[in-house]
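Taking it in order: structure first as structure tokens, then the write-up.
So that the names make sense, note that chain A is the first sequence line, chain B the second, and so on, each numbered from 1.
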Number of protein chains: 2
Amino acid sequence: MTQRREQRAADWLAAAGLRPTRARLVLATLLVGDGRDRHVTAESLFEAAAGGDEAVSLATVYNTLRLFCSAGLLREIMVDGARVYFDTNMTDHPHFFWEDSATLSDAPKEELEIRRLPMAPMGAEIAAVDVVIRLRSKSG
Amino acid sequence: MTQRREQRAADWLAAAGLRPTRARLVLATLLVGDGRDRHVTAESLFEAAAGGDEAVSLATVYNTLRLFCSAGLLREIMVDGARVYFDTNMTDHPHFFWEDSATLSDAPKEELEIRRLPMAPMGAEIAAVDVVIRLRSKSG
DNA sequence: TTAAGTGCAAATTATTTGCAGTAAG
DNA sequence: CTTACTGCAAATAATTTGCACTTAA
């Protein structure tokens, strides 16, 4: 179980050609160890690592998240002006953003149907399409 | 001309029941004076005001943008992890985000057709739907 | 007159960086 | 061995806040 989690993390790093260092394995295990998609901020991941017994410094968490991102392992989601979120699910898919708690979750991709999309202007190409559905709790 | 720009700004404030103070008029004139939609950051608006002869302090620009937002005059767009953008166009419409220059522009609304959208989970309602089309300049 | 608005400077928060020590290939 | 990685602490950047002063109603 723990073995398998770490194996998954190691494979994930290997797939991107990244060295399996201690910090990277700790963070990768938290990110993809159980194979489910996850949304983290640097802070939340830092706390998760510290909560286990495998602390990683906050600076390294930041650096490592950026590294995973540029290696194509994570996707950056911009949803909150203040915080940056990272998603282990690399495909274009919609997100729910809970304004009350500032948390992020996947929205069911099958339920989004974009029929037509504006074309990229001349000389540009579409890098990604972010769809964020902002939710507020129904008060009335 | 300048008269009309200021009149538009004053009307815009009045519509939201906000006092037409000096700082607000200066900023509102820059935002809606010519009736075109505009995307600003606190910094860019601060510079625009300083570039004219009607300086407004940066802190006040921040406070005023937030105020306009909560008064329903502006819409906050979250697109870049670091900066917050404000849009004078309050309708749900897609944006182009130019990754190279970190600038934002409207994408033609007619060219976006969302056929189906995920439902809000129980107890929540959709506050807004942000569609951001990230562009990178075609290098190849 | 008086509650609301403004500006300054200081505080806060998220993120990045320089650099000396440590570990992976 | 040698280059890349890590962690600390200090630096940076965007934004917010406390408070004394000013202004609109």
Side-chain angles (χ1 to χ4, degrees), chain A residues 6 9-10 13-14 16-30 39-50 52-71 73-74 76-86 97 101-104, chain B residues 6 9-14 16-30 39-50 52-71 73-74 76-86 102-104:
Chain A
E6 278 154 17
L13 293 176
L18 297 178
R19 282 193 190 174
T21 65
R22 190 191 73 89
R24 290 178 190 170
L25 279 169
V26 170
L27 300 180
T29 302
L30 290 168
H39 304 90
V40 303
T41 61
E43 193 68 32
S44 76
L45 190 58
F46 169 74
E47 280 163 14
D53 43 15
E54 289 283 38
V56 177
S57 85
L58 186 54
T60 298
V61 174
Y62 274 105
N63 292 335
T64 304
L65 283 174
R66 285 257 106 87
L67 177 76
F68 287 177
C69 235
S70 62
L73 291 174
L74 291 181
E76 198 173 341
I77 308 172
M78 259 102 48
V79 70
D80 177 322
R83 235 171 290 272
V84 179
Y85 290 77
F86 297 89
F97 179 65
S101 56
T103 53
L104 197 65
Chain B
E6 279 155 16
D11 292 347
W12 191 64
L13 293 177
L18 297 178
R19 282 196 191 174
T21 66
R22 189 189 74 88
R24 289 179 191 168
L25 280 168
V26 170
L27 300 180
T29 301
L30 290 168
H39 304 90
V40 302
T41 61
E43 193 68 32
S44 75
L45 189 57
F46 169 74
E47 280 163 15
D53 43 16
E54 290 282 38
V56 177
S57 86
L58 186 54
T60 297
V61 173
Y62 274 104
N63 292 334
T64 304
L65 284 174
R66 286 257 106 87
L67 176 77
F68 287 177
C69 235
S70 62
L73 291 174
L74 291 181
E76 197 173 341
I77 308 173
M78 259 102 46
V79 70
D80 176 320
R83 234 172 293 271
V84 179
Y85 291 77
F86 296 90
T103 52
L104 197 66

Worksheet item: What is the distance from CZ of A:Arg22 to P of D:dG7, rounded to the nearest Å?
Response: 5 Å
Discussion item. Looking at every heavy atom in both B:Pro20 and B:Leu13, which two are closest together, and how far apart are they?
Written reply: CA-CD1, 3.9 Å
Worksheet item: Which listed nucleotide (D:dA14, C:dG7, D:dA9) is nearest to the side chain of B:Tyr62?
Response: D:dA14
Worksheet entry | Whole-Å gap separating P (C:dT22) and CG (A:Asn63) | 19 Å
Worksheet item: Which residue, B:Thr64 or A:Thr41, contacts DNA chain C at a nucleotide closer to its 5' end, judged by nearest heavy atom?
Response: B:Thr64
Item to complete: Would you indicate what B:Thr21 reaches in the nucleic acid, counting non-hydrogen atoms under 4.0 angstrom: base, sugar-phosphate, or nothing?
Response: sugar-phosphate
Worksheet item: In terms of side-chain heavy atoms of B:Ala42, which of D:dT6, D:dT15, C:dC8 is nearest?
Response: D:dT15
Worksheet item: Please give, in whole Å, the distance from C:dG7 P to B:Leu58 CG?
Response: 11 Å
Practice prompt. Rounded to the nearest angstrom, tell me the gap between atom CD in A:Glu43 and atom P in C:dT12.
Written response: 16 Å
Worksheet item: Contact class for B:Ala23 (heavy atom, under 4.0 Å): base, sugar-phosphate, or nothing?
Response: sugar-phosphate
Practice prompt. Could you please name the option among C:dT15, D:dC5, D:dC8 that lies closest to any side-chain atom of A:Arg24?
Written response: D:dC5
Practice prompt. Looking only at side-chain atoms of A:Val84, point me to the closest of C:dT15, D:dT15, C:dG25.
Written response: C:dT15
Discussion item. Less than 4.0 angstrom between a side-chain N/O of B:Ser57 and OP1 or OP2 of C:dT6, yes or no?
Written reply: no
Practice prompt. Take atom CG of A:Leu13 and atom P of C:dG25, then tell me their distance rounded to the nearest Å.
Written response: 11 Å
Discussion item. Using whole Å, what does the distance between atom C1' of nucleotide C:dA14 and atom CD of A:Glu47 come to?
Written reply: 13 Å
Worksheet item: Roughly how far apart are B:Phe68 CZ and B:Leu45 CG, rounded to 0.5 Å?
Response: 8.5 Å
Discussion item. Rounding to an integer number of Å, can you tell me how far B:Tyr85 OH sits from D:dA14 C1'?
Written reply: 12 Å
Worksheet item: Quick one: is B:Arg19 getting a side-chain N or O under 4.0 Å of the D:dT23 phosphate, OP1 or OP2?
Response: no
Worksheet item: Separation of A:Glu76 atom CD from C:dT15 atom C1', in whole Å?
Response: 11 Å
Item to complete: Looking only at non-hydrogen atoms, find the nearest pair between B:Leu65 and B:Ala42 and report the distance.
Response: CD1-CA, 3.6 Å
Worksheet item: Does the side chain of A:Arg22 come within less than 4.5 Å of A:Thr60's, by heavy atoms?
Response: no
Discussion item. Rounded at 0.5 Å granularity, tell me how far CZ in A:Phe86 sits from CG in A:Leu104.
Written reply: 12.0 Å
